[in-house]
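Written out below as structure tokens is the structure these notes cover.
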Amino acid sequence: MQLADEPSASERKQAAQDRTDAVRLLRHNQQLTALLEEFESFSSSVAHDLRSPLRSIAGYAEVVEQDYGHLIEESGRKCLSIIRTEALRMGGLVDGLVSYAQLRKRAMDERTVNMTALANDVASKLNNSGASVLEIGELPPAHGDTATLRLVWEHLIGNAIKFTGREKSPLIRISGSSAGAESIYEIADNGVGFDMDSAGDKLFAVFERQHHDNEFPGTGMGLASVFRIVRRHHGRVWATGAVGQGATFSFALPAGER
Amino acid sequence: MNTTDIAEVFLSTNIAQVLLVENNPLDAGLIMRSIKKSPFAGTVLWLHDGAEALEYLRRDGRYAGLNGAGRALLMLLDLRMPKVDGLDLLRALQSTPRADRPAIVIMTSAAIDADVAAAYELGANSVILKPIAPAELNSTIDDICRYWLQHNRLADL
């Protein structure tokens, strides 16, 4: 006779199956983590190895420009300058890739962050020429890691300054609000904006750019880093914009203590 | 940019303010050019790897004839080098009294966290990431020379 609370044969079989599944899942998870770490160390070491030849290309192109420039015709000097600036551009991409790859490894020291002070500090450093008008309102505190959240402001304010660079009166407004357990931040500019249809999901992807390099230079790493940092904080980030009508970037983070 | 000339000038006067320990001749050429352009720097001697740097500091091998008069103030040290690399050199120098050594500034292409930590642990004074941009390399070398050759004070021998 079988007792009521004793598992049946099929239940025992199911439990054994569940255990096997759990073990398999755990193993997959470990493999995936190992693979990710391997990829990150691979990409960072490849990036590091690329820096040295790039330094040589840019450096020696400049040596020729400086020491032998007077022997070369104007068009030749132009070519040399292209070699130098392109090597530097690639250097920027490589450096961006390295810092992006290192983001995940950075230890997060999470505490209440005074976002008003942080945004003001970043803004005054980036806008030291005073070319753009930056209005920063009172921002609610966030709970997070100050060093990486500083990077978020650097990328977003840096972008706003860059993309309003051609406006007659560039204006950047930073504001914030509280919504339950979240603090929401918004940075709106009156710059060139972007096409929401063509940007789509790619806006926050690595190496994706919405503008040609000769219009607005960039590495395609900024918003990817923003996305990664905000996601690490279990937050959200989104954007709205239209061509010629500015852009607004918003992000939500866990609220800090007031 | 004739580097053997520089080495000879040094050997004849017995004074080198800056030692450059670098196995990549292209990097060495650019760094020496920057040092020579810097208003803060004096003579520079290029040592091609950690082994040669050890010979120099110990007045050994091809540097056996040097007397103590030529004390280097600053060593710019690459980390990745064949045979005796930067960390090996720092390790070998651990038996040398710190006061007898030049200031050691690591200049590396790859600021890998573990290497940076190890370099400081082994007594490096500073760690700098070699810039890619020529202008930035010049200003970095300027800053380094200004600080370590003009402002910094070493212990009297």
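Letters A, B, ... mirror the listed sequences (proteins, then strands); counts begin at 1.
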Residue pair A/Tyr60 / B/Leu26: nearest heavy atoms and the distance that separates them: OH-O, 2.6 Å
Just wondering, do A/Glu62 and B/Arg33 contact through their side chains at under 4.5 Å, heavy atoms? no
For atom CD of B/Gln94, decide whether the heavy atoms of other residues, nucleotides or ligands shown that lie under 6.0 angstrom number more than 12. yes
Closest contact, heavy atoms only, A/Arg55 versus B/Ser109: NH2-OG, 2.8 Å
Heavy-atom pair count under 4.5 Å with chain B, highest-scoring of A/Ser52, A/Ala61, A/Ala87: A/Ser52
Using a cut-off of 6.0 Å, state whether more than 12 heavy atoms not belonging to A/Gln66 lie near its atom CD. yes
Pair A/Arg51 + B/Asp27, salt bridge at N-O below 4.0 Å: no
Checked A/Ser56, A/Pro53, A/Gly91, A/Gly92 vs chain B; the most non-hydrogen pairs under 4.5 Å come from A/Ser56
Should we say atom OH of A/Tyr68 is surrounded by more than 12 heavy atoms from elsewhere, each under 6.0 Å from it? no
Could you report the tightest heavy-atom contact between A/Leu88 and B/Ala133, atom names first, then the distance? CD2-CA, 3.3 Å
Is atom CD of A/Glu38 surrounded by more than 12 heavy atoms (other residues, nucleotides or ligands) closer than 6.0 Å? no
